[in-house]
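Predicted model, so just to flag it, every value in this text is computed and none were measured. Order of appearance sets the numbers: ligands from 1, and atoms from 1 within every ligand.
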Amino acid sequence: MTENLVSAARLAAAIFESGLKSPAEWEARFPVRGLPEGAMVTRFAPSPTGFLTLGNLLTAFVDRLLANTSGGVFFLRLEDTDKKRETGDGVSGIVNDMAAFGLAIDEGVTGFGTERGAYGPYTQSHRREIYHTYAKALVEQGLAYPCFCSADDLDKLRNEQEQAGVNKGYYGQWTKCRNLSLDEQLAHLKSGEPYTLRLRSPGDASRKIFVNDLVRGKLELPEYDMDVVLLKADGIPTYHFAHAVDDHLMRVTHVIRGDEWLASLPLHAQLFYLLGFKPPKYAHIAPMMKLDAETGGKRKLSKRKDPEAAVGALVRAGYPNAALHEYLVTLLNSSFEDWRRANPDAPLAKFPFSLKKMQPSGALFDLQKLEDVSKTVISRMTAEQVYAQALAWANAFDPDLASLLSNDPAYSIAMLSIDRGNKKPRKDIARWGQLRELYSYFYDELFEPRLVSAPEILQAYLEVYDPNDDKDAWFAKIKSICEPLGYCPDVKTYKADPDTWKGHVSDVSGAIRMAVTGRENTPDLWAVMRVIGEARVRGRMEEAM
Ligand code: GLU
């Protein structure tokens, strides 16, 4: 045994650079966080792919919710160990998407090459030394070894395994480099051959392990028996190894991640065990789904096929963050909608979100549902809130609209106040990008005049129009011009004997509406006319004749 350890120490010394810190030094540098009992530490750990889909963001959103509800910490870590997948600055897009989505981090990566927090570096490619410390410790304990198999060797191995009809991978009898003698290992190393560092797995696939997943409950899985690569030939760790080291040293308590990692859980359990780390709790979330327009079946939401589900696209379309957040919670916990009905005014943070209530199957992304949720959320905002958010959006994405809105803020706010603040507010806006179209007629620059086929209605109305009329007086006047023009002032009476009339009161108000707004449908016309003002009302009516 001692002899083995001496060999292992010699091997470790031959592999690793000298002067590496010890595990104890890293432990001391990143102490257990002084957080209250029950506080959850969560992280979002994307690779730098440049942008996020709503599906990626769902896990980050859960991370944020858990940290919020428990008084914990949420941070952003960049997993850039797969150089093949990297494309220049793949970071800023992610950071910007998170910020635009209103997902604040407590620590971690804040931009391309910037970060804050005491548990960094938060970019994996800057943590090489740390990984090497722990890899070295494994080698010293005989738990990891260098593997000199080339890509060709591994191809050959796969072919042989295929022919033999057994599981593919580096395990059991197939681990050519596992049993090299120290002298052989040193000779290979000396010759400068490329090598990876593999785990010497003590696992046995015929045994079971039990792991608890916070969404799926208790799972029984086979023990992991592969000698996986811990460090690649360039000394960069694989995801598995980096996950264990990072989540341990960053003192993560809860790992929320895509369920594509579920199969790796036995490996991760083993790595945490061999490294002497307490494992975090896991929640594996199914990917977001979508109904495929062509096949009608469900499929995974895709970055490529579903550009509308990219966070940037949703933000550009102008869905307010509050609506996006509310929508995600409806996807996460089906009890949310009942809670919302019972607590229409409560802040979202008051909802008792629970991982246990999550569906293990993937939530369905449904743009229509998002629109509905968003309309409701916006309908409950004050006109001032709508104004501020719409203006912020327009400043970024529609500068002309921004200048119209901000030319006369009081006018714009009066416009946005129509049918708002009452029991049944109007649900017309789903996203700020619709404002230009929905409210165009309030601005002369956007108003599109339409001719009205019954100019005599406008003529008659102009004679009685008084901008100071309250709503009852306003309506009484519209009724008053009906009969002389051959329109029935009362819809019921009209319906009883339609042939006697040219039409009824709605046709009369409809003609006025068309002249003043160019539209068949608008919010409360009396209110619209009050906001638009006498000069515009008269001017537009005259033009429409
Ligand atoms: N970098 C991994 C991914 O993007 C992170 C998985 C995890 O959260 O642990 O899938």
Report yes if some N/O of Glu79 lies less than 3.5 Å from some N/O of ligand 1; otherwise report no.
yes
So does Glu27 pair up with Arg251, basic N to acidic O under 4.0 Å?
yes
If you measure from the Lys or Arg side-chain nitrogens to the Asp or Glu carboxylate oxygens, is any gap between Glu79 and Arg77 under 4.0 Å?
yes
Decide whether the shortest distance between a heavy atom of Tyr239 and an atom of ligand 1 is less than 4.0 Å.
yes
Looking at ligand 1, is there an atom of it that comes within less than 4.0 Å of some heavy atom belonging to Ala45?
yes
Counting only heavy atoms closer than 4.0 Å, does ligand 1 sit against the backbone of His243, its side chain, both, or neither?
neither
Within 4.0 Å of some non-hydrogen atom of Arg257, the atoms of ligand 1 are 7 (C), 8 (O), 9 (O)
Minimum heavy-atom separation for Trp174 to Val166, with atom names?
CZ2-CG2, 3.7 Å
Identify whether NZ of Lys or CZ of Arg in Arg178 sits under 6.0 Å from the centre of the six-membered ring of Tyr170 and within 45° of that ring's axis.
no
Parallel, tilted or perpendicular, judged at 30° and 60°: which one describes the rings of Phe397 and Trp393?
tilted
